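Data first, discussion second: the structure below is written as structure tokens.
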Amino acid sequence: MLSYLFKRIYSLIPVLFVVSVAIFLIVHITPGDPAAIILGMEATEEQIASLNEEMGLNEPIVKQYLLWVGGVLQGDFGQSYFMKEPVLDSILSHLGPTISLAILAEIVALIIAIPIGIFAAYRRGSFTDHTLMVATLLGMAVPSFLLGLLLMLSFGVYLQWLPIAGYKPLTEGLWTHLRYLILPALSLGAIQAALVARMTRSSMLEVLNKNYVKTARSKGVKEHKVITKHALRNAFLPILTVIGQSFGTLVTGAVVVETIFNLPGLGQLIINSIERRDFAVIQGIVLFVTLIYVFINLIVDLLYGVIDPRVRLERK
Amino acid sequence: MAAVKEVDRVRTIKASLKKQERQLFFRRFFANKLMVMGCFIFIVLGLIALIGPMLVSYDPYEMKVAERLNAPSGEHWLGTDEFGRDLLTRIVYGAQVSMGIGLIVTLISSILGLVIGLYASYYAALDHILMRICDGLMAIPGILLAIALMAALGPSPLNVIIALSIVFTPNIARIVRSSALVIREQTFIEAMHAQGASATRIIWQHIAPNTISPLIVQATFVFAEAIISEAALSFLGAGIAAPDPSWGNILQAGKLVIFKAWWMVVFPGLAIVLSVLGLNLLGDGLRDFIDPHSSGKKSK
């Protein structure tokens with residue numbers, strides 16, 4: 001197990017190196033002088049020169065990269081030129097809504113998807129099964145930002161059941177917090193739900209034909225117990241992987257959905273930073289979310305190795 | 001005389017076998033109703049993008065303030081937008097932009113991905129470098145990478161194409177590489193080596209054709225993803241800038257008038273969903289068609 005752990009972590013090093021180089025280079029592919037772009041049209045030559053100096057843009061590019069990476073490794077993501085504060089501080093102060101949204105979306109997705117998947121597998125080939133599967137196909141074709149708009153239109157504008165924009169932190173009460181997050185979480189969770197439902201269905205189908213399920217049935221175990229105890233437990237491992245890997249996707253998706261519902265999360269921060277040409281913040285967010293994404297996948301992989309020893313041996 | 005007869009007999013058997021094969025092909029093709037439907041949706045949308053602009057009678061750019069935000073009517077089938085422009089016209093011209101960008105991105109990333117994947121599978125040293133780069137790029141969430149690239153490059157159709165091609169090329173390269181690796185290990189490639197065939201010849205004449213089917217399946221999904229990504233970028237204000245119409249920026253405008261004009265959100269949204277659904281159905285169907293064993297698993 002320990003050697004698997006080391007191998008897995010070791011294999012991350014080149015990935016993280018490429019990630020850092022790619023994100024670092026983003027600022028340097030800007031056509032023209034980054035400092036001039038940040039300062040805008042009215043900037044004087046001296047201002048541009050001094051900003052270049054301040055941001056270290058006059059140094060050789062390799063040195064700039066090393067300085068930047070060195071900073072990141074010590075938790076210093078640079079300074080936001082616009083907000084005059086460390087990038088990491090702005091990221092952390094915008095992290096709450098994004099994480100809340102991602103977690104809630106995952107919960108919503110699972111509540112919808114797992115029962116649907118089990119039911120569709122149980123009634124394989126029936127009309128209900130087909131209808132549900134077509135619904136999941138449709139679910140995967142609606143991008144989250146579009147679903148967000150449609151939900152906003154129906155529940156916010158016409159029915160007026162739920163607020164369509166804004167955010168209340170958890171400290172103002174759980175219900176108030178959730179009310180503002182339900183629509184965003186639904187829009188974000190729907191694609192996830194469609195995926196998990198399909199995965200649950202196919203995984204259940206595989207298991208339902210197994211001999212131990214037949215045995216359970218023939219010895220007279222009640223049907224719901226066959227499904228929950230004998231089938232679902234064995235079908236759960238692949239479902240668990242999909243759930244684990246999806247969390248990173250949800251954090252990214254949250255970034256897009258937030259901007260629709262005006263949640264003050266990382267998404268809003270990155271969009272505002274585009275307008276302000278605040279490259280340090282853009283770099284910081286992309287790097288930060290990528291790190292979350294990579295490490296969640298690492299943890300899922302390791303957990304998978306713990307649960308199923310075959311994985312450890314296979315993936316070399 | 002007998003020999004001639006024999007030849008004739010073989011010929012007829014061969015012909016009838018060919019015919020059976022063809023029939024089987026069509027039967028299998030049409031047996032997958034969802035794929036046929038996806039194909040149909042996609043062709044219709046493609047035709048709308050191609051010849052639609054000749055059929056609509058309004059100018060997509062001309063603003064008529066008096067007619068702003070009119071509901072759908074006989075005159076404006078899908079209503080008008082916040083500047084009084086006919087929404088149907090905007091969506092039809094938008095189809096050209098959105099699907100066009102999707103298509104170009106798919107073509108570019110398919111070609112680059114094919115070249116990278118093939119050469120990576122053939123030269124071990126190159127493989128290490130190229131695949132680490134692909135892994136790294138794929139580790140960065142696609143839409144974030146695209147947003148960051150657009151922030152640096154500035155909004156324009158060309159830059160959207162560049163940004164999305166960077167996002168999707170590694171995806172295709174990985175698929176091509178993994179199927180090329182399997183081919184590379186087979187005996188006939190070894191035989192080619194023994195005969196002294198050049199690397200270029202082995203790669204392009206013998207490995208490449210065997211990677212095309214998985215490539216096409218993946219390209220269909222990339223096409224769908226590219227349409228979604230372009231819409232997302234334009235919706236976020238980092239893609240196609242107004243006044244040029246794209247499905248994403250019509251939605252962006254629609255969000256601002258969501259209280260007054262539902263049609264500004266529903267119709268461009270419908271266009272996006274239909275095109276993505278059509279491509280996903282087509283891709284799923286093609287995958288089952290090419291490899292019947294793989295049904296039910298969606299590769300990402």
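None of these values were measured; they are calculated from a predicted model. Chain identifiers are assigned alphabetically (A, B, ...) following the order of the sequence lines, protein sequences preceding nucleic acid strands; residue numbering begins at 1 within each chain.
- Pro141(B) and Thr290(A) make their closest contact through CD-OG1, 3.5 Å (heavy atoms, listed as atom of the first residue, atom of the second, distance).
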Apply side-chain contact (heavy atoms from CB on, under 4.5 Å) to the pair Leu236(B) and Phe145(A), showing each step before the final yes or no.
CA-CA 10 Å; Leu236(B) 295 173; Phe145(A) 66 93; over 6 Å; no
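- Val255(A) touches chain B through its side chain: at least one heavy atom from C-beta onward sits under 4.5 Å away, while N, CA, C and O do not.
- Every residue two or more places apart in sequence or in another chain was checked for a salt bridge (Lys or Arg N to Asp or Glu O under 4.0 Å) with Arg124(A), and none qualifies.
- Of all heavy-atom pairs between Lys255(B) and Thr259(A), the closest is NZ-O, 3.6 Å.
- Contacts of Leu274(B) with chain A are absent, with no heavy-atom separation under 4.5 Å from either backbone or side chain.
- Here the side chains of Ile270(A) and Leu144(B) are in contact, with some heavy-atom distance below 4.5 Å.
- Neither the backbone nor the side chain of Ala224(B) comes within less than 4.5 Å of any heavy atom in chain A.
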Would you please test Leu137(A) and Leu34(B) for side-chain contact (heavy atoms from CB on, under 4.5 Å) and show each step?
CA-CA 10 Å; Leu137(A) 277 180; Leu34(B) 286 178; 4.0 Å; yes
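- Between Ile260(A) and Phe235(B), the closest side-chain pair of non-hydrogen atoms falls below 4.5 Å.
- Under the 4.5 Å side-chain criterion, counting only non-hydrogen atoms from C-beta, Val18(A) is not in contact with Asp135(B).
- The side-chain heavy atoms of Leu145(B) and Val286(A), taken from C-beta on, include no pair separated by under 4.5 Å.
- With a 4.5 angstrom heavy-atom cutoff, Leu137(B) touches chain A via backbone and side-chain atoms both.
- Looking at Ile166(B), there are no atoms closer than 4.5 Å to chain A (heavy atoms on both sides), in backbone or side chain.
- Contact count versus chain A (heavy atoms, under 4.5 Å) is highest, among Pro268(B), Gly278(B), Gly269(B), for Gly269(B).
- In this structure, chain A has heavy atoms under 4.5 Å from both the backbone and the side chain of Ala232(B).
- Of the listed residues (Leu25(A), Ile271(A), Leu205(A)), the one with the most heavy-atom contacts under 4.5 Å to chain B is Ile271(A).
- The CD1 atom of Ile228(B) sits 6.0 Å away from atom CD1 of Ile191(A), with the distance rounded to the nearest 0.5 Å.
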Starting from the C-alpha separation in whole Å, work towards a yes-or-no answer on side-chain contact (heavy atoms from CB on, under 4.5 Å) for Leu277(B) and Leu138(A).
CA-CA 7 Å; Leu277(B) 183 67; Leu138(A) 203 65; 3.7 Å; yes
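- With rounding to the nearest 0.5 angstrom, the CG atom of Leu153(A) is 12.0 Å from the CE atom of Met264(B).
- A pairwise comparison of heavy atoms in Val19(A) and Gly136(B) identifies CG2-O, 3.3 Å as the closest pair.
- The greatest number of non-hydrogen atom pairs below 4.5 Å with chain B, out of Leu16(A), Val256(A), Val294(A), is found for Val256(A).
- Ranking Ile282(A), Val251(A), Leu149(A), Ile274(A) against chain B, the residue ahead of the rest is Leu149(A), based on heavy-atom pairs under 4.5 Å.
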